[in-house]
Amino acid sequence: MNNARFTILLGGDVTVTNRLKEAVANSRVIAADGGMRHAAPLGLTAELWVGDFDSANQALLDAWPDVKRQPYPAAKAVTDGEIAVSDALSRGARSLVLVGALGGPRSDHALQHLLYAVALAERGLEVTLTSGEEEARPLLPGSMDIDLPPASLFSVTGFTALEGLDIGNVRYPLDDFALAFGSSRTISNVANGGLVHFSLKSGKAIVLARPYDLTGA
């Protein structure tokens with residue numbers, strides 16, 4: 001087990017896929033409220049369960065009687081997910097997989113997870129957000145590679161204007177590109193297969209990938 005790699009189980013929708021199982025394998029696990037419902041389908045056991053438990057029904061509570069619970073009042077200043085991440089950081093987390101961070105009925109939560117992931121990446125943490133079908137990684141100044149299947153779709157969404165954006169091993173490569181804030185120029189690119197390379201000189205963005213969506217073929 002990698003003691004610095006944590007899976008955080010959040011309340012959004014999740015589809016169990018092979019990529020998701022591989023992403024969470026051999027990680028430590030903290031569940032946030034109703035996110036515990038993803039533990040059994042993924043074959044995971046949490047070491048801690050936090051939140052106000054307003055999204056955890058009695059059947060879910062009964063299914064995990066031995067997991068340590070850390071309850072919080074409903075009237076609190078942060079989300080259950082942020083509490084779970086904070087606990088992971090206090091336990092030495094350097095890499096985070098936020099399962100259930102995308103989609104679901106609360107778009108405000110999904111957007112907050114994306115913004116929070118960028119803030120965590122600025123602190124030097126490796127962060128992946130996933131629903132199983134869709135994955136997201138913060139993109140900050142520097143470079144990174146993401147392994148994507150051939151013909152799978154991905155997009156780069158800028159949270160600021162971007163300068164010096166390179167995207168390689170894709171159908172529509174970019175070299176030293178300036179992306180205006182709010183532009184859709186980097187939506188719906190297609191991976192060639194293998195490592196897709198990203199580099200950025202300045203700005204903040206998210207790479208949103210759909211590894212099982214081959215409609216770009």
Side-chain angles (χ1 to χ4, degrees), residues 1-10 12-29 38 41-44 85 88 93-103 110 113-114 116-118 120-159 162 164-177 179 185-201 203-217:
M1 178 175 290
N2 185 342
N3 285 329
R5 185 169 178 81
F6 278 74
T7 292
I8 308 298
L9 301 177
L10 302 171
D13 295 338
V14 168
T15 300
V16 177
T17 62
N18 287 335
R19 280 178 68 95
L20 177 52
K21 287 181 177 180
E22 291 172 3
V24 302
N26 299 315
S27 66
R28 299 169 67 180
V29 181
H38 305 310
L42 289 170
L44 300 175
V85 169
R94 299 303 305 163
S95 177
L96 297 164
V97 182
L98 308 184
V99 174
L102 306 170
H113 293 149
L114 292 168
Y116 188 37
V118 171
L120 290 168
E122 289 182 312
R123 294 165 57 182
L125 288 123
E126 178 184 282
V127 187
T128 300
L129 306 91
T130 178
S131 67
E133 293 183 334
E134 191 171 38
E135 301 169 3
R137 291 276 302 277
L139 177 61
L140 297 173
S143 63
M144 72 175 183
D145 296 322
I146 300 178
D147 192 4
L148 293 175
S152 59
L153 287 174
F154 73 92
S155 298
V156 176
T157 299
F159 288 158
L162 305 181
L165 174 63
D166 296 345
I167 306 177
N169 193 26
V170 297
R171 182 174 298 176
Y172 309 111
L174 292 176
D175 181 31
D176 200 24
F177 186 74
L179 182 72
R185 176 67 174 79
T186 50
I187 299 299
S188 296
N189 208 329
V190 183
N192 287 339
L195 294 178
V196 176
H197 178 72
F198 301 88
S199 65
L200 185 64
K201 290 180 180 175
K204 303 176 185 180
I206 281 281
V207 178
L208 284 157
R210 298 180 57 82
Y212 293 95
D213 185 345
L214 306 183
T215 57

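Heads up: numbering here begins at 1 and tracks the sequence. From a predicted model like this one, the values you see are computed outputs, not experimental measurements. Because only heavy atoms are used, hydrogens play no part in the values below, and waters and symmetry mates are left out as well, while side chains stay in.
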Student: Indicate whether any N or O donor in one side chain lies under 3.5 Å from an N or O acceptor in the other, for S27 and R5.
Tutor: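 The criterion, which ignores hydrogens and geometry beyond distance, is not satisfied for R5 and S27.
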Student: For the residue pair Y212 and N18, establish whether any side-chain heavy-atom pair is separated by less than 4.5 Å.
Tutor: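 They are in side-chain contact.
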Student: Which heavy-atom pair separates N192 from V170 by the least distance, and what is that distance?
Tutor: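 Heavy atoms only, the tightest pair is ND2-N, 3.2 Å.
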Student: Which atom names give the shortest non-hydrogen contact between G194 and N169, and what distance separates them?
Tutor: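 Of all heavy-atom pairs spanning G194 and N169, the closest is C-ND2, 4.1 Å.
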Student: Is a side-chain donor or acceptor of H38 paired with a backbone partner of T15 at a separation under 3.5 angstrom?
Tutor: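 Such a contact is absent between H38 side chain and T15 backbone.
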Student: After noting the C-alpha distance and the side-chain angles of F177 and R185, does the key distance pass the side-chain contact (heavy atoms from CB on, under 4.5 Å) rule?
Tutor: CA-CA 10 Å; F177 186 74; R185 176 67 174 79; 3.5 Å; yes
Student: Please check: side-chain N/O of R210 versus main-chain N/O of S155, any donor-acceptor pairing under 3.5 Å?
Tutor: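 Checking the backbone N and O of S155 against the side chain of R210, no donor-acceptor pair under 3.5 Å is found.
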Student: Please answer whether the main-chain N or O of N3 pairs with a side-chain N or O of R28 as donor and acceptor at a distance below 3.5 Å.
Tutor: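 Indeed, once roles are kept as given, a pair shorter than 3.5 Å links the two residues.
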Student: Among V99, T130, L102, find the one that has a side chain to side chain contact (heavy atoms under 4.5 Å, CB included) with V14.
Tutor: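 The side chain to side chain contact (heavy atoms under 4.5 Å, CB included) with V14 is passed solely by V99 among V99, T130, L102.
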Student: For the pair E122 and K204, find out whether any cationic side-chain nitrogen is under 4.0 Å from an anionic carboxylate oxygen.
Tutor: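 Here E122 pairs with K204 in a salt bridge, since their nearest N and O are under 4.0 Å apart.
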Student: Okay, side chain of D147, backbone of V196: is any donor-acceptor separation there less than 3.5 Å?
Tutor: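 Here the side-chain-to-backbone pair does not exist.
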Student: State, to 0.1 Å, how close D13 and S131 come at their nearest heavy-atom pair, and which atoms those are.
Tutor: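 Heavy-atom minimum between the residues: O-CB, 3.6 Å.
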Student: If you measure from CG on L42 to CG on L9, what distance do you get to the nearest 0.5 Å?
Tutor: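 The distance works out to 7.0 Å.
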Student: Between the side chain of T17 and the main-chain N/O of G132, is any donor-acceptor distance below 3.5 Å?
Tutor: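 Present.
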Student: Could you tell me whether K201 and D166 have a side-chain N and a carboxylate O separated by less than 4.0 Å?
Tutor: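 Not counted as a salt bridge, because no side-chain N and carboxylate O are separated by less than 4.0 Å.
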Student: Over all heavy atoms of both residues, which pair between L114 and L129 is shortest? Give the atoms and the distance, please.
Tutor: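 Taking L114 first and L129 second, the nearest heavy atoms are N-CD2, 4.0 Å.
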Student: Kindly indicate whether the side chain of L98, heavy atoms from C-beta on, has any atom under 4.5 Å from the side chain of T128.
Tutor: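 Not touching, per the 4.5 Å side-chain cut-off.
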Student: Donor-acceptor pair, N189 side chain versus Y172 backbone, under 3.5 Å?
Tutor: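 Such a contact is found between N189 side chain and Y172 backbone.
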Student: Are the side chain of D213 and the backbone of S152 linked by a donor-acceptor contact shorter than 3.5 Å?
Tutor: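 Absent.
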Student: Please report the interatomic distance CG(L200) to CG(L139), rounded to the nearest 0.5 Å.
Tutor: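 L200 atom CG to L139 atom CG measures 5.0 Å (nearest 0.5 Å).
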Student: Does D175 reach the side chain of L165, with side-chain heavy atoms less than 4.5 Å apart?
Tutor: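 In short, these two side chains do not touch, never coming nearer than 4.5 Å.
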Student: Quick one: closest heavy-atom pair of P141 and G203, and the distance?
Tutor: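 Heavy atoms only, the tightest pair is CD-O, 3.2 Å.
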Student: Return the NE2 to CD1 distance between H113 and I206, rounded to the nearest 0.5 Å.
Tutor: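 That separation rounds to 12.0 Å.
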Student: What is the minimum heavy-atom distance between P41 and V16, and which atoms define it?
Tutor: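 For P41 versus V16, the nearest heavy atoms are CB-CG2, 3.9 Å.
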Student: Starting at CG of L140, measure out to CZ of F198 and round the result to the nearest 0.5 Å.
Tutor: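 One gets 13.0 Å once the value is rounded to the nearest 0.5 Å.
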Student: Please tell me if the side chains of L10 and I8 come closer than 4.5 Å, counting only heavy atoms from C-beta onward.
Tutor: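 Side chain of L10 against side chain of I8, heavy atoms only: contact under 4.5 Å found.
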Student: Tell me if a side-chain donor or acceptor on T186 pairs with a main-chain N or O of V156 at a distance below 3.5 Å.
Tutor: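 Answer holds: yes.
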Student: Going by heavy atoms in the side chains, are F154 and L148 under 4.5 Å from each other?
Tutor: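 In short, these two side chains touch, coming nearer than 4.5 Å.
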Student: If you measure only the distance, is there a donor-acceptor pair under 3.5 Å linking the side chains of H197 and D145?
Tutor: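 Yes.
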Student: Give the intermediate values and the outcome of salt bridge (Lys or Arg N to Asp or Glu O under 4.0 Å) for residues E135 and R19.
Tutor: CA-CA 10 Å; E135 301 169 3; R19 280 178 68 95; 2.8 Å; yes
Student: Between V118 and P138, is any pair of side-chain heavy atoms under 4.5 Å apart?
Tutor: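 Yes, close enough: below the 4.5 Å cut-off.
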